[in-house]
Amino acid sequence: MLTRRRFLAALGYSAGLGLASATALAGEARYKARVVIVGGGYGGATTAKYLRLADPHVEVFLIEKDPEYISCALSNEVLADERTLESLTFSYDALSAFYGVKMVQDEVTEIDPVNRKVKIAAGVELAYDRLVVSPGIAFRWGAIEGYDEAASQIMPHAWFAGEQTRLLRSQLDDVPADGKVFIVAPPNPYKCPPGPYERAGLIAHLLWQHNKRQAKVIILDAKENFAKKSLFLRAWEEHYPGMVEWVPGSKDGRVLAVDPQRRTLKTEFDEHRGDVVNVIPPQKAGRIAEVAGLTDGSGWCPVDPRTFESRLQDDIHVIGDACIAGAMPKSAYAANSQGKNCALAIQALINDNPPPEPSFVNTCYSIPAPGYGISVAAVYRLRDGEIVAVEGAGGVSPLEGSDWDWEREMEAAYARSWFVNITSDIFL
Amino acid sequence: MSRLRGPVTTLVAGLVAGLTCVAAQAEPPSAPNLSNNCAGCHGTNGYSAKPMPIIAGLSQPYFSRVLRQFKNGERPSTIMGRLAKGYTDAEIDDIAAFFSSQIWKSPEQELDPAKIEKGRKIHEEKCATCHRDNGRFQNAETPRIAGQWSRYLEFVLQEYWRVGRKMPNRFMTIVVQPLTSSDISALSHFYASMK
């Protein structure tokens, strides 16, 4: 039985904190508008909660195909036995119980932007005044020859947390003492830019712990550079000297084809065989965005950066990884920040007010070794209709400093605290 | 003439850029548009999960002052300084007003009674002049520390304790430097236990 006390107790507070008003809304019968949200990840679930907090007279439906949410952020820690998948799993119960969000567990099959309706797999239609689409990413299966859904059962992507994470973790047990693990890193843009490199460090940590210190983790990259590169290179060298190797596109890092049966990867000039092969394929906006005509030639969704309203369909907003958000990366924090600004924009539009001036933040922590955190952060504003990073602010953890070890330890503690805070901000 | 063109063009371009910049400066973001972004790390409305500090219910003048210290580098941080640089002083005041309008709530936390008692003695001897009412008192110079997460208090005390770390308050440095690490832990438990 779910109780509010239990939820708050999980965070540590004994009494309600501003949730009292939300509970009172449960009996609301009249709404001035209905907003339907598709996708209950970091973006969609944030929008649902913050829309209800901003305006209790807006009816909010959240349609999500899975009964629970499993966070991809911090799922690399599962690969190093530093965390369980259960600790990444969140229920939608609080959103419905405390904020009056109407949860629908189903898949949206069709969006009718003209008549403003979504169709869900159960055959039901749901009308909306405004629709928020937050589907996350989809893979471009076949962009790497031979890498399709069947291949991902042998060469896991583990870019959605859950079974794929479990599969990759279990394969790592079979790496021989001098074995090779390959990570195929995707071209830009993709979800979680520092993710593949954090993963390399944490896989090296697991192998190191298992006394497989002759083993190698090799990143074959489509790119020439990556987020927090200098910090990652230093972390790998400090913790697992010689174990992690990064191969950029210009050094034949671009993987063109895979053969899952032989566990081989083909680049332009070479062929590699791995004991474990983790392929993170090229990406595009989630399926429903494409089906609903929200994507452009790039495969992503162009939006008005003030409101996140689609540039291609009226009354539909697209947030999170699926949208094109100027300088903002495709991260959990970015989706959370966009969801909040989008909620305030929708509230204004419903009330016939001009949408307010937005302000965005991104913070991405990575933990390339246990107890060792690094970060990148930025504040974003609208300038001439584009989302740009505020100059002179943000940036990565400084590479030098007399308190280096201590700051890494602090950032690791804050990284884990960030995870509890952002997921409480969304699901609690 | 041609010799003049360079600087004049630059000057005109500069003026135009300046004007464009002013024109592009729309109304500033509202307090919620600004402050909701903080919740990703500090919890909804500033009620955080440990060890990230609780910022809901901190006094407005203290909040404004500390964010300015983060912004100008006077107060070291891992990430807060990098983010604070993204806001004007007026926006910092709006954010401070937003969080100071929340009511302080002390979370439940596991604390060691022996450390609390030891911490109480150190508090009375060394800290009570400024951190009055067992750490509940706050003004522009003094944060509320009663009921803050113990782990966070310990982090900050360690920052003051570390030799050579440039910290903003020299009185704190003078008081904290002679303490032992067990004193610091005791103080953190004591203040955390005060609701």
Side-chain angles (χ1 to χ4, degrees), chain A residues 9-15 17-19 49-50 53-54 332-333 336-337 340-341 343-344 356-363 365 373 375-385 389-390 392-397 402-403 406-407 410-411 413-414 416-418 420-426 428, chain B residues 20-21 23-30 32-54 56 71 76-88 91 95 102-103 105-110 149 151-152 155 158-159 162-166 195:
Chain A
L11 199 56
Y13 298 89
S14 54
L17 7 128
L19 300 186
K49 172 172 162 178
Y50 272 79
L53 284 175
Y333 209 116
N336 174 263
S337 182
K340 290 164 177 177
N341 281 282
L344 293 176
E357 185 71 16
S359 169
F360 308 98
V361 168
N362 177 55
T363 296
Y365 284 106
S375 62
V376 61
V379 179
Y380 304 89
R381 291 296 163 79
L382 278 193
R383 290 284 179 266
D384 304 322
V390 175
V396 299
S397 313
S402 53
D403 281 336
W406 191 66
E407 291 203 344
M410 296 272 288
E411 289 220 274
Y414 284 135
R416 290 182 139 204
S417 182
W418 162 80
V420 181
N421 277 294
I422 197 165
T423 52
S424 305
D425 185 39
I426 299 169
L428 223 54
Chain B
T20 314
C21 195
Q25 291 275 355
E27 64 189 285
S30 71
N33 278 94
L34 291 166
S35 311
N36 287 346
N37 290 310
C38 309
C41 290
H42 289 280
T44 309
N45 294 331
Y47 297 99
S48 65
K50 68 181 172 186
M52 213 71 88
I54 300 160
K71 182 180 167 180
S77 64
T78 50
I79 212 167
M80 201 59 247
R82 283 181 261 159
L83 289 170
K85 285 184 178 67
Y87 300 94
T88 65
E91 287 167 350
I95 296 170
Q102 310 292 328
I103 296 158
K105 297 241 183 227
S106 303
E108 299 294 332
Q109 41 188 326
E110 272 179 40
W149 292 114
R151 193 79 185 90
Y152 177 71
F155 278 160
Q158 282 170 350
E159 286 196 271
R162 294 178 76 81
V163 177
R165 196 167 172 89
K166 194 175 150 279
K195 302 279 169 169

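Residue numbering restarts at 1 for every chain, and letters A, B, ... go by the order of the sequence lines. No experiment lies behind these values; they were computed from the predicted model shown.
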Could you grab the distance from atom [atom1] of [X] to atom [atom2] of [Y], nearest 0.5 Å is fine?
{"X": "Trp149(B)", "Y": "Ser417(A)", "atom1": "CH2", "atom2": "OG", "answer": "9.0 Å"}
{"X": "Ser402(A)", "Y": "Lys166(B)", "atom1": "OG", "atom2": "NZ", "answer": "12.0 Å"}
{"X": "Thr44(B)", "Y": "Ile426(A)", "atom1": "OG1", "atom2": "CD1", "answer": "9.0 Å"}
{"X": "Trp406(A)", "Y": "Arg165(B)", "atom1": "CH2", "atom2": "CZ", "answer": "4.5 Å"}
{"X": "Asp425(A)", "Y": "Cys38(B)", "atom1": "CG", "atom2": "SG", "answer": "10.5 Å"}
{"X": "Ser359(A)", "Y": "Tyr87(B)", "atom1": "OG", "atom2": "OH", "answer": "4.5 Å"}

If you define the side chain from C-beta out and look only at heavy atoms, does anything of Leu344(A) sit under 4.5 Å from Asn36(B)?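 Touching, per the 4.5 Å side-chain cut-off.
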Quick one: are Ser375(A) and Arg82(B) in side-chain contact, heavy atoms under 4.5 Å? yes
Would you mind checking which part of Glu159(B) comes under 4.5 Å of any heavy atom in chain A, side chain (CB onward), backbone (N, CA, C, O), both or neither?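 Its backbone and side chain both get close to chain A.
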Of the backbone (N, CA, C, O) and the side chain (C-beta and beyond), which part of Gln102(B) lies under 4.5 Å from a heavy atom of chain A, both, or neither?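 No part of Gln102(B) comes within 4.5 Å of chain A.
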Does any heavy atom of chain B fall under 4.5 Å from the side chain of [X], the backbone, both, or neither of them?
{"X": "Ser337(A)", "answer": "both"}
{"X": "Val390(A)", "answer": "side chain"}
{"X": "Tyr380(A)", "answer": "neither"}
{"X": "Asn341(A)", "answer": "both"}
{"X": "Ala332(A)", "answer": "neither"}
{"X": "Tyr414(A)", "answer": "both"}
{"X": "Arg416(A)", "answer": "neither"}

Interface residue of largest heavy-atom contact number with chain A, from [options], under 4.5 Å:
{"options": "Gly43(B), Cys41(B), Gly40(B), Pro32(B)", "result": "Gly40(B)"}
{"options": "Gly164(B), Gly81(B), Pro51(B)", "result": "Pro51(B)"}
{"options": "Arg151(B), His42(B), Lys85(B)", "result": "Lys85(B)"}

Please rank [options] by heavy-atom pairs under 4.5 Å with chain B and give me the top one.
{"options": "Thr363(A), Val376(A), Ile422(A)", "value": "Ile422(A)"}
{"options": "Thr423(A), Val396(A), Asn362(A)", "value": "Val396(A)"}
{"options": "Ala389(A), Ala377(A), Gly394(A)", "value": "Gly394(A)"}

Hey, is the main chain of Glu411(A) close enough, under 3.5 Å, to the side chain of Thr78(B) for a donor-acceptor pair? no
